[in-house]
> 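Below you will find the structure I want to go over with you.
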Amino acid sequence: MSHTFQIAVFHGDGIGPEIMGPTLDIVKELAGSSDAYGFRFIDAPAGAQHYAKTGIALPDDSLKIAGEADAILLSAMGLPDVRYADGTEISPQIDLRKAFNLFAGVRPVRVAPRLPTPLALPEGRDIDLLLIRESTEGLFHTQGSGEVTEDWAQETLRITRETSEHLFRFAFDLAADRKAAGDGPGRVTCVDKANVFRAFAFFRAIFDAEAARHPDLAADHAYVDAMALWMVQKPWEFDVLVTENMFGDILSDLGAGLMGGLGLAPSADIGLNQAVFQPCHGSAPDIAGQGVANPFAMILSAAMMLDWLGGKHGIDAMRVDGRRLRAAVYDVVARGGSGLTRDLGGQAGTRAAAEAVLAELVDG
Ligand code: ATP
């Protein structure tokens, strides 16, 4: 019996709507040829342009649509020239993270054979790791309310047992899933600075307690500075990395760098009951309206949504389609030529790039 999922769609700003449109077309095509699942998409207005028009960045109605949906697809948001009165940027994605307590920021770092990377990977090596960034506390705890005086400034790093327990359980479950699917060896690495900060020793102890519940999975630790080095020197050795908010913020950009930039960097922000899927890049106002934006990070984010919904609701066909969609994007990139947008060295427009993915799905 087919299960229909309600998806809240935030079209975003700048190139946001240009990459969301073809992504929805692809997802509709996949669902259309499946008898296991279907979608109902509901537009949720929000963002910088919406704020410029109405004075509200994230209307209550949109928040309600998001809360009632099975998942949230969100495109690039924010515009550098549209800001709140205090000068900060419009970022409904951060408001959603707070509203739904989306503590697990999942940032895949994948470089399949023949895909662009600034690293000279040894023959036969590819990169396929998942970085999980705690996204609700850590050094972002006092975000926007840090103390600043004439002589000093301070922010507070906060780590709670409850969030850390959820975070580590999530990380081990994901590693188990990857192992079962043949995508990873089943290893979780806690990235911290437990040798210097008591808060990180606390974080690590909670990690160790969760690790003890998973004797079938490997668990180890790394200091964040060493991990920055290893992600460049031997990234193929890692499977699932789990870390604090600020460390994760930095390492996820390092991960995007390994993938040759943000054009192929999807993300998911996941909580106990809700999840947002969005590309890592911004709204690229410099190329908006030209039809040349690369849609692949958005499409890969939609593939993560299929994985998550399929896993949560026990619908294998959805997970299979998530894998197929990801593989189709990587095949188009690996083949090069007519399916690539300018940022990837090609000439294709957004639509043509998305159509190349669709063709790969149908014929590939
Ligand atoms: P933010 O702070 O909102 O994340 P940013 O200021 O880091 O954004 P982006 O909007 O990500 O910047 O753009 C950085 C550069 O990358 C710009 O030159 C932009 O044109 C380019 N870019 C970003 N996303 C894409 C995309 N999907 N396709 C093509 N080029 C892109």
Side-chain angles (χ1 to χ4, degrees), residues 10-26 46-52 57-58 73-84 87-97 105 107-108 110 115-116 118 133 135 140 143-144 245-246 248-269 276-304 326 329-330 332-333 336 338-357:
F10 290 79
H11 289 268
D13 297 304
I15 60 167
E18 297 171 44
I19 57 175
M20 180 62 90
T23 300
L24 292 181
D25 290 346
I26 291 175
Q49 219 162 3
H50 192 80
Y51 178 78
L58 178 59
L73 256 188
L74 190 144
S75 198
M77 286 236 187
L79 291 171
D81 301 337
V82 182
R83 293 181 182 243
Y84 292 117
T88 56
E89 285 183 38
I90 312 289
S91 41
Q93 61 275 28
I94 295 178
D95 302 331
L96 290 173
R97 214 178 279 164
R107 309 282 183 267
R110 286 204 176 88
L115 291 192
R133 164 191 176 185
S135 302
F140 284 70
Q143 187 185 4
N245 206 343
M246 178 60 102
D249 189 27
I250 299 166
L251 291 183
S252 56
D253 265 35
L254 173 50
L258 299 180
M259 293 192 283
L262 293 171
L264 290 172
S267 79
D269 287 323
V276 172
F277 300 86
Q278 72 169 124
C280 289
H281 60 72
S283 62
D286 53 332
I287 56 163
Q290 301 174 23
V292 297
N294 173 1
F296 292 164
M298 183 77 242
I299 296 172
L300 291 169
S301 304
M304 291 180 80
R326 201 165 20 252
V329 171
Y330 290 139
V332 169
V333 178
S338 64
L340 301 188
T341 44
R342 286 193 322 218
D343 59 308
L344 294 174
Q347 298 291 327
T350 309
R351 283 271 161 199
E355 273 157 23
V357 173

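Quick caveat: nothing in here was measured; it's all calculated off a predicted structure. First listed ligand is number 1; within each ligand, the first listed atom is number 1.
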> Tell me: protein heavy atom nearest atom 11 (O) of ligand 1, and distance?
G282 N, 2.7 Å
> Report yes or no: does A293 have a heavy atom closer than 4.0 Å to ligand 1?
yes
> Tell me the protein heavy atom at minimum distance from atom 10 (O) of ligand 1, and give that distance in Å.
A284 N, 2.9 Å
> Which residue holds the protein heavy atom closest to atom 28 (N) of ligand 1, what is that atom called, and what is the gap in Å?
N294 N, 2.9 Å
> Please confirm whether S283 comes under 4.0 Å of ligand 1, counting heavy atoms of the residue only.
yes
> For a 4.5 angstrom cut-off between non-hydrogen side-chain atoms, does H11 reach S75?
no
> Going by the side chain to side chain contact (heavy atoms under 4.5 Å, CB included) test, name the single residue among R107, Q93, R133 that passes it with D269.
R107
> Does Q347 have more than 12 heavy atoms from other residues, nucleotides or ligands lying within 6.0 Å of its CD?
no
> Counting only non-hydrogen atoms of the protein, does one fall under 4.0 Å from atom 4 (O) of ligand 1?
yes
> Please report which non-hydrogen protein atom sits nearest to atom 29 (C) of ligand 1, along with the residue it belongs to and the distance in Å to one decimal place.
I287 CD1, 3.5 Å
> Are side-chain heavy atoms of P116 and V333 found at a separation under 4.5 Å?
yes
> Between atom CG of L264 and atom CG of L258, what is the distance when rounded to the nearest 0.5 Å?
12.5 Å
> What distance separates L58 CG from L96 CG, expressed to the nearest 0.5 Å?
5.5 Å
> For atom 25 (C) of ligand 1, find the nearest protein heavy atom and state the residue, atom name and distance (0.1 Å precision).
I15 CD1, 4.0 Å
> For residues Q278 and F10, determine if any side-chain heavy atom of one lies less than 4.5 Å from a side-chain heavy atom of the other.
no
> How close does the nearest protein non-hydrogen atom get to atom 18 (O) of ligand 1, and which residue and atom is it?
D286 OD2, 2.9 Å
> On a heavy-atom basis, which atom in M20 and which in L73 lie closest, and how many Å separate them?
CE-O, 3.6 Å
> Suppose we measure from atom 2 (O) of ligand 1 to each protein heavy atom; which comes out shortest, and what is that distance?
E89 OE1, 4.9 Å
> For ligand 1, is any non-hydrogen atom under 4.0 Å from V292's backbone (N, CA, C, O), its side chain (CB onward), both, or neither?
neither
> Is there a protein heavy atom at a distance of less than 4.0 Å from atom 7 (O) of ligand 1?
no
> Atom CD of E89 and atom CG of L79: how far apart are they, to the nearest 0.5 Å?
9.0 Å
> Is atom 14 (C) of ligand 1 in close reach of the protein, with a heavy atom under 4.0 Å away?
no
